[in-house]
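See structure below.
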Protein chains: 2
Amino acid sequence: MRDNVAAAKAALSHLDIEGNDAAIRAKSRDFFWYSPVLKDRLDHVVADFVASPKNEGEVIEILKTCYAHDVPVTTRGAGTGNYGQAMPLAGGCVMHLRHMAAVKEVHPGRVIVEPGCLLKDLDAACKEHSGQEIRMFSSTWATATIGGFIAGGSGGVGSCTWGSLRDLGNIIRLRVVTMEEEPRVLEFRGEELARVSHAYGTNGIITEIEMPLAPAYEWVEMFLDVGDFMDAARFAEELANEDGILIKLATVFEAPVAFDYFQRVKPYVSEGSHLIGLMVAPQSMDGFLTFLARRPGVKLIYRHDDHDWARSPGPVFEYSWNHTTLRALKVDPSITYLQVRYGFPKHLDLIEKMQAEFSPEVLQHLEVLKENGKVMFAGLSLVKFTTEERLDEIIRIHEEAGAMIFNPHRYTLEEGGRQSVDDRQLVFKREADPKGLLNPGKMIAWDDPDWSYDRMYAYPKMQAAE
Amino acid sequence: MRDNVAAAKAALSHLDIEGNDAAIRAKSRDFFWYSPVLKDRLDHVVADFVASPKNEGEVIEILKTCYAHDVPVTTRGAGTGNYGQAMPLAGGCVMHLRHMAAVKEVHPGRVIVEPGCLLKDLDAACKEHSGQEIRMFSSTWATATIGGFIAGGSGGVGSCTWGSLRDLGNIIRLRVVTMEEEPRVLEFRGEELARVSHAYGTNGIITEIEMPLAPAYEWVEMFLDVGDFMDAARFAEELANEDGILIKLATVFEAPVAFDYFQRVKPYVSEGSHLIGLMVAPQSMDGFLTFLARRPGVKLIYRHDDHDWARSPGPVFEYSWNHTTLRALKVDPSITYLQVRYGFPKHLDLIEKMQAEFSPEVLQHLEVLKENGKVMFAGLSLVKFTTEERLDEIIRIHEEAGAMIFNPHRYTLEEGGRQSVDDRQLVFKREADPKGLLNPGKMIAWDDPDWSYDRMYAYPKMQAAE
């Protein structure tokens, strides 16, 4: 351990500090290993110590102390991100927010919560209080935190109705601590939210969150079997366009994803089954079953509240979004994935084209998403990985066709996003993190403003593999 | 009074029967007088007596007795419809459902209610029970009934989010009594709902309703002033496309509607002010104000929870939908209106074209509406009435341009709708009303199957004006 790091650690020793090597290593890792590219680059990355503050005062103390000693701070929740968001590339301190998990206030339509609260616990508290829940969550609901979701996520289960986290209204307020000689506490609303949401903690630490809520219903979770892939995609799109039918999830899995990777679903489908996963509000089930009956080619094979499956498949949303890749990976370690935007109005054409081009090397996994008031699809396509060159080629062909890629095989904000600098984030980083100590190596615009994006960015100060 | 009518009335004398001429006349009228065309045709129409059943058993008794005596029965709620839906063209019995107003059960996401319940009372009960309210309501919320809304309405405040009543999921279940020798009680769900919803009570009487609910919020009601009409229309469209901002109403009024017809708004606008009326969820106000600040040409002039207006303008929704026409009529009795569908994706082009063609003879009044998952507009244009010929010409020009008209100057289902027979309604009428006694004269397909729609239909058995 370098002297400055040791000094900072010593200065913080009255706090909850993890010094055990195995525990430090465990808490230095997120789900970067979804990507063989990131696995190759980041597997050795480890923090020097882990600090778990109990309140905002301790967050300030950690940031101030690490600032004084020039120690990098990478902040994390549960570490379920899979872009390497929470990997401490330059070592130093990992700040773990698990103790800051209080649900502070619940009101009609909104909640105030600390960042380390699990999505599951947040929903339980809001439901218990007044029959409410958060508008959207990642498929890692049971283990992920709300702060990690906002700092490192973009949307998920519920985005078929409410759009993405970045859309106006989906975050109300963020309280943020800066990393300066004297850290400041700022309250962001409106336009200011874009500075720090989805910024991986590179320019401030979120200590309190105000989010909108939606009513909590006993969502009816279902699987449907469809013989034709594009019929399945159209079914999901048309359902999401039914304004009177309230849904929380509409997912499409190309065959043979269900048969090959969903072990508890497998006995009830065939290799040729394209699967749809849904969450429908109970008061919308009459409307939904009417909609379904108009499409005799689509077969309802499972509903969680009325089925004869020998073993429950568990929550349907735990087959969706990033969980699809996770399940596939467990069966076939060579599987990785892409994140594709199939934008309105060309979404179905693009999907059909990409499916024809790549299946079965790339298998379509589609999530219905609202963007600018229109139903479109996010694709979290499953990719049978061979080489990095082939992966890059697959990405290039998508982009040339007009399907934007958010590359999950990159650890920087820019490469995992729209491959351009977000000036709001950069400008705020200059102000809030003048020494560049917050989650270093994740914002190219900070490290190398003239970067050309012609190849994968490699953070020059990344700790070397041993 | 004809003998058969007198006999039916006598047989029902143990029920709540209105025999007073002035009261009968009052209860024989709806808001048909919005239309100078309907006013000319229907002003003399009056029932012979009014029966107000207290429960489904009495509904059955009235229908059975009137069936036995061949007496027409026209059912009504508050009579706020303005297509003449509740006008008893052939006299006979008006069945008034005001006593059947119980809210029977409230559950998460749904309510079971009797048809005569006022929308206002229904919302109050659902809010009191569990912070819920109905998804959509007519601007006559304070006086209209839920049964009348379903039998004679199509959508309203809330349709910018939830679509129309006819969309799957916006009605869950209807309990219906037939008019046969032995009336039957039927329960309709799914596809069956289309038989009797928006059928004006021509083929069955609704005695119980199950509707979906949405969360009740303290909606923030606002007026905005915009200098350019198309900017105002685009503002409403773009706001409705913000997936993270929850709205219940977005209305656009071309200048000088606000200045000329909205007396309490007039002091705060100019003759050139195009006005927008909004209802936004309180948890979405931060997002909304951010959205607004991006459009410096749009000026927030009123919000109900923070204003310095000398006199409150009252609920903003009471300026919207049919209330716009009502307010204009009170100032200028020569005003009438149209109902236009400006469908996606040509809605803005069509609006611009119609505004250029007709303003100021026709002034645009637009309501944001979701249809098939897309934001579009319903137009309830204000028309300076001159002659029926000119009104027909205005309608024809709209239709030729591609803007569908639901003609509010006609009293039949077909002419006020898509000018075609609804087979589901007709087939069910054959079964449920074999003598054709339910609200006679309102379904052309029943009276004159070969009608050519080349002119306004005139019900041959309508009672003569004296």
Side-chain angles (χ1 to χ4, degrees), chain A residues 107-111 130-132 135-136 159 161-173 189-193 210-218 237-246 280-291 293-294 345 369-375, chain B residues 107-111 130-132 135-136 159 161-173 189-193 210-218 237-246 280-291 293-294 345 369-375:
Chain A
H107 300 278
R110 63 193 176 89
V111 62
S130 44
Q132 300 186 92
R135 286 177 169 180
M136 64 191 75
S159 289
T161 296
W162 295 104
S164 301
L165 279 172
R166 70 174 164 273
D167 290 329
L168 286 177
N170 282 330
I171 303 171
I172 296 175
R173 181 178 58 85
R189 293 175 178 270
E191 300 289 3
E192 298 163 337
L193 294 169
E210 188 170 341
M211 295 286 280
L213 295 174
Y217 295 117
E218 298 295 327
E237 146 125 32
E238 288 163 12
L239 177 61
N241 275 323
E242 287 286 343
D243 301 301
I245 298 179
L246 182 62
V280 175
Q283 67 270 29
S284 293
M285 280 303 293
D286 265 68
F288 169 71
L289 292 173
T290 308
F291 173 91
R294 292 177 184 173
L369 184 67
K370 279 263 179 86
E371 189 180 277
N372 191 28
K374 310 295 184 301
V375 171
Chain B
H107 299 279
R110 62 192 176 90
V111 62
S130 44
Q132 300 187 91
R135 287 178 169 180
M136 65 191 76
S159 290
T161 296
W162 295 103
S164 302
L165 279 172
R166 70 173 163 272
D167 290 328
L168 286 177
N170 281 331
I171 303 170
I172 296 175
R173 181 177 57 85
R189 292 176 178 269
E191 301 289 3
E192 298 164 337
L193 294 169
E210 187 170 342
M211 294 286 279
L213 295 175
Y217 296 116
E218 297 296 325
E237 147 125 31
E238 288 163 13
L239 177 61
N241 275 323
E242 287 286 343
D243 301 301
I245 298 178
L246 181 63
V280 175
Q283 67 270 29
S284 292
M285 280 304 292
D286 264 68
F288 170 71
L289 292 172
T290 308
F291 173 91
R294 291 177 184 174
L369 184 68
K370 279 265 180 81
E371 188 179 277
N372 192 28
K374 310 296 185 301
V375 171

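Proteins come first, then strands; the chains are lettered A, B, ... in the order of their sequence lines, and each starts at number 1.
- Heavy-atom pairs under 4.5 Å with chain B were tallied for A/Met136, A/Glu242, A/Glu238, A/Glu237; the largest tally goes to A/Glu242.
- With a threshold of 4.5 angstrom between heavy atoms, B/Phe291 approaches chain A through its backbone and through its side chain.
- For the set B/Gly163, B/Gly190, B/Gly109, B/Gly169, the count of heavy-atom pairs under 4.5 angstrom toward chain A peaks at B/Gly109.
- The shortest distance between side-chain heavy atoms of B/Gln283 and A/Leu213 does not fall below 4.5 Å.
- Among B/Arg294, B/Met285, B/Lys374, B/Glu371, the residue making the largest number of heavy-atom pairs under 4.5 Å with chain A is B/Arg294.
- A donor-acceptor distance shorter than 3.5 angstrom exists from the side chain of B/Thr290 to the backbone of B/Asp286, with no hydrogens or angles considered.
- Between B/Gln132 and B/His107, the shortest heavy-atom contact is NE2-O, 3.0 Å.
- Among residues two or more places apart in sequence or in another chain, the side-chain contact (heavy atoms from CB on, under 4.5 Å) test is passed with B/Ile171 by B/Ile150, B/Leu165, B/Leu174, B/Leu193, B/Ser197, B/Met211.
- When heavy atoms are compared at a cutoff of 4.5 Å, B/Thr161 approaches chain A solely by way of its backbone atoms N, CA, C and O.
- Both the backbone and the side chain of A/Glu191 come within contact range of chain B, with heavy atoms under 4.5 Å apart.
- Neither the backbone nor the side chain of B/Glu218 has a heavy atom closer than 4.5 Å to any heavy atom of chain A.
- Heavy-atom pairs under 4.5 Å with chain B were tallied for A/Ser130, A/Ser164, A/Pro215; the largest tally goes to A/Pro215.
- Residues passing the salt bridge (charged side-chain N to carboxylate O under 4.0 Å, His left out) test with B/Arg173, sequence neighbours excluded: B/Glu187, B/Glu208, B/Glu210.
- Taking all atoms of both residues into account, the shortest heavy-atom contact from B/Asn170 to A/Gly244 is OD1-CA, 3.5 Å.
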